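In what follows, chains are A, B, ... by sequence order, proteins preceding strands, each numbered from 1. Note that this is a predicted model, so its numbers are computed, not measured.
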Protein chains: 2
Amino acid sequence: MSLSTPKTISNAQPDFERPSTTVDVVMFAVRDGRLHVLLVKRADAPGEPFPGHWALPGGYIDVSKDDSLEACALRKLKEKTGVVSPYLEQLGSWGSKTRDPRGWHSTHAYFALLPAASVITPVSGANAAEADWVPIASKGVVHKLAFDHQVILEAAVERLRNKVEYTSLPAFLLPETFTLTELQTAFETVLGRALDKSSFRKRVEDAELVVALKNKFREGSNRPAQIYKLRSKTAPVFFPRAISETKSRPVKSTAKVRRTSESNF
Amino acid sequence: MSLSTPKTISNAQPDFERPSTTVDVVMFAVRDGRLHVLLVKRADAPGEPFPGHWALPGGYIDVSKDDSLEACALRKLKEKTGVVSPYLEQLGSWGSKTRDPRGWHSTHAYFALLPAASVITPVSGANAAEADWVPIASKGVVHKLAFDHQVILEAAVERLRNKVEYTSLPAFLLPETFTLTELQTAFETVLGRALDKSSFRKRVEDAELVVALKNKFREGSNRPAQIYKLRSKTAPVFFPRAISETKSRPVKSTAKVRRTSESNF
DNA sequence: ATAAGATAGTTGCATAATACAACGAACCAT
DNA sequence: ATGGTTCGTTGTATTATGCAACTATCTTAT
């Protein structure tokens, strides 16, 4: 095989065909007590694969704008939601000859947890006719997604559910300040099952996850609730053991949470 | 910016500069009761970055050979060690403008756990003058590694140590059959601390991790030990809570095991 | 043949952690 | 004032675990 590499591609890689590289971001948020993911509708332009399909926001790395993979993910997050520093975690990468009809593609997938305050109407971009928050149903969404995005989304949901068992990730889905009941509800929303109040509070206290705001209370039509904030806005806390289900309150959702052989957590 | 893409690069990606893509594999094995990693020495050829440095085995994706990222990782594993189906897990990806002096590179990193039987003298390949098993010291190795491979290796060690707390990963470092004491020793080797025997055995039994081989015993200069095999050769088991340290036996290593904010597990 | 030594495997118990339920506290609405 | 609602805490039965001691089964030495 002999071929010339364009001058602007200066990397000293051997003259092999080079896979295309993208970054996709699974952006989670809680709306109306349900977990949602941000999806964009692909353009209907000629030559575009999966025209009109829903897809994860993402796209090619722009080597002139993006200094790193994470910078690229943050750029896409900001473009779509305006959020600058959410909880962002690498989810994994998917690459194969067949996942994109245009040829060998690999994508670096991230997942982000957006605080409730920032969940506004998303911005439609150049490559996306529409963008919208779509509720998570069991493992994924009802739409048929472009490329292998259904697989990526399911991996993100599974990773999130698994990590909730022993980390404080749902805390990043809340606004800056919150009550302990709101925190517990966030956990229950992601987990899909009810938790015992006193056990949950003991976990939170032992882990030193939150800090009480003196003299700050949530006012309402009943006893005021102490308002807290996270001790760390970005780093999750790890609990020494998994949360167990409570028997006293009914389960809210049908989603089964189960650890599987899936890799990363 | 206007440039032409070589004909053999048929992907319909816009005419942007395209990052180079590699796959690296962190291969772990236990030798002489210590955790080791397989490293290769980079060639001393002109134009090669980091000549003579130790590095993780890996390299560019060969789109003519590799149908997927995982296939590429498995190919590199087989080339170096001859092992066909070890425990293989995606570790993460690293990509930036600066991590390779030749330009924008991203790598998909995997980590593998090799069974004891397959830990033979590694094969030296075309791009590697030497290859050798190097013991893990605290978080990494004593050598200075090429590229950002030190960072990747540290991430692999941390991920492995973290997952040992609540998964059965060390079981994949053993030969096909083993005794419960050997299994416990594998856990202790990776964890760097001693475990209580009865607690460990209860965990293993509750998780249904192993199956006893009838009438098979490890003979020695003392009471024979029941021989077991894994119930599943590829899928790890998840324990409901982290292993705690025993106080009755001395700690073997100085390595501190601690969960951090690092992402994936 | 017997004792000593070593590792395997089990058992019992004191302690710690948790699930569960019930209770009192603080607010609003009527 | 009274009832309703949510907040927050407390007590206790149950479960799980750490720890140590004990027995079992083999080899080797004397």
Side-chain angles (χ1 to χ4, degrees), chain A residues 33 165-166 174 177-188 191 193-229 238-252 257, chain B residues 33 165-166 174 177-188 191 193-229 238-252 257:
Chain A
E165 298 280 343
Y166 55 95
L174 292 175
T177 62
F178 49 84
T179 67
L180 289 185
T181 300
E182 289 163 359
L183 181 63
Q184 181 173 347
T185 302
F187 274 74
E188 292 173 337
L191 273 173
R193 66 171 192 259
L195 301 175
D196 175 68
K197 183 161 61 168
S198 70
S199 302
F200 179 80
R201 288 175 182 228
K202 186 167 193 320
R203 273 171 87 86
V204 169
E205 185 174 18
D206 289 351
E208 297 186 330
L209 174 62
V210 297
V211 183
L213 301 181
K214 283 192 186 251
N215 303 325
K216 288 274 197 176
F217 294 91
R218 168 85 73 250
E219 309 287 343
S221 60
N222 42 35
R223 177 174 174 176
Q226 173 67 55
I227 291 184
Y228 295 83
K229 65 172 182 180
F238 290 84
F239 301 109
R241 57 176 282 181
I243 286 188
S244 20
E245 189 166 343
T246 190
K247 288 169 190 164
S248 39
R249 281 201 296 144
V251 175
K252 290 178 179 176
V257 176
Chain B
E165 298 280 342
Y166 55 95
L174 292 175
T177 62
F178 48 84
T179 67
L180 288 185
T181 300
E182 289 164 358
L183 181 62
Q184 181 174 346
T185 302
F187 273 75
E188 291 174 338
L191 273 173
R193 66 170 193 260
L195 302 175
D196 175 69
K197 183 160 62 168
S198 70
S199 301
F200 179 80
R201 289 177 181 227
K202 187 167 191 319
R203 273 171 87 84
V204 170
E205 186 175 19
D206 289 351
E208 298 185 328
L209 175 61
V210 297
V211 183
L213 300 180
K214 283 193 186 250
N215 303 325
K216 287 274 198 175
F217 293 91
R218 168 85 72 252
E219 309 289 343
S221 62
N222 42 36
R223 176 173 174 175
Q226 173 68 55
I227 290 184
Y228 296 83
K229 65 172 184 179
F238 290 83
F239 302 109
R241 57 177 281 183
I243 282 189
S244 24
E245 189 166 345
T246 189
K247 286 169 190 164
S248 39
R249 282 199 297 146
V251 175
K252 292 178 179 177
V257 176

Output the rounded distance in Å from NZ (B/Lys197) to P (D/dT23). 14 Å
B/Glu219 CD - D/dT27 P separation (whole Å): 7 Å
Mind checking if B/Ser198 touches a base, just sugar-phosphate, or nothing, with heavy atoms under 4.0 Å? base
Identify whether any heavy atom of A/Gln226 sits under 4.0 Å from a base atom; if not, whether one sits that close to sugar-phosphate; answer base, sugar-phosphate or nothing. sugar-phosphate
In whole angstrom, what separates A/Asp196's CG from D/dG11's P? 16 Å
Any side-chain N or O of A/Thr181 less than 4.0 Å from the OP1 or OP2 oxygen of D/dC7? yes
Toward the 5' end of DNA chain C, which comes first, A/Pro224 or A/Ile243, by nearest nucleotide? A/Ile243
When the distance from CG of B/Leu180 to P of D/dA24 is rounded to whole Å, what number comes out? 20 Å
Taking A/Leu213's backbone N and O only, do any of them form a donor-acceptor pair with A/Gln226's side chain (distance below 3.5 Å, no angle check)? yes
Look up atom CZ in B/Phe187 and atom CG in B/Leu195, then write down how far apart they are to the nearest 0.5 Å. 8.5 Å
Establish, with yes or no, whether the OP1 or OP2 oxygen of C/dG9 is under 4.0 angstrom from a side-chain nitrogen or oxygen of B/Arg223. no
Can you tell me how far C1' of D/dT17 sits from OH of B/Tyr166, to the nearest Å? 21 Å
Looking at the side chain of A/Arg241, which of C/dT18, D/dT9, C/dG9 is the nearest nucleotide? C/dT18
Please answer whether the main-chain N or O of A/Arg241 pairs with a side-chain N or O of A/Arg203 as donor and acceptor at a distance below 3.5 Å. yes
Picking from C/dT10, D/dG8, D/dC19, the nucleotide nearest the side-chain atoms of A/Arg201 would be D/dG8
Short question: side chain of A/Glu205, backbone of A/Lys202 - any donor-acceptor pair under 3.5 Å? no
Quickly work out the A/Phe217 CZ to C/dA25 P distance and round it to whole Å. 16 Å
On DNA chain D, compare the nucleotides closest to A/Asn222 and B/Ser221; which residue's is nearer the 5' end? A/Asn222
Would you mind checking if B/Glu188 and B/Lys197 are paired as a salt bridge, meaning a charged N to carboxylate O distance below 4.0 Å? no
Roughly how many Å is it from CD1 in A/Ile227 to C1' in D/dC7, rounded to a whole number? 13 Å
Whole angstrom value for the distance that separates P of C/dA16 from CZ of A/Arg203: 20 Å
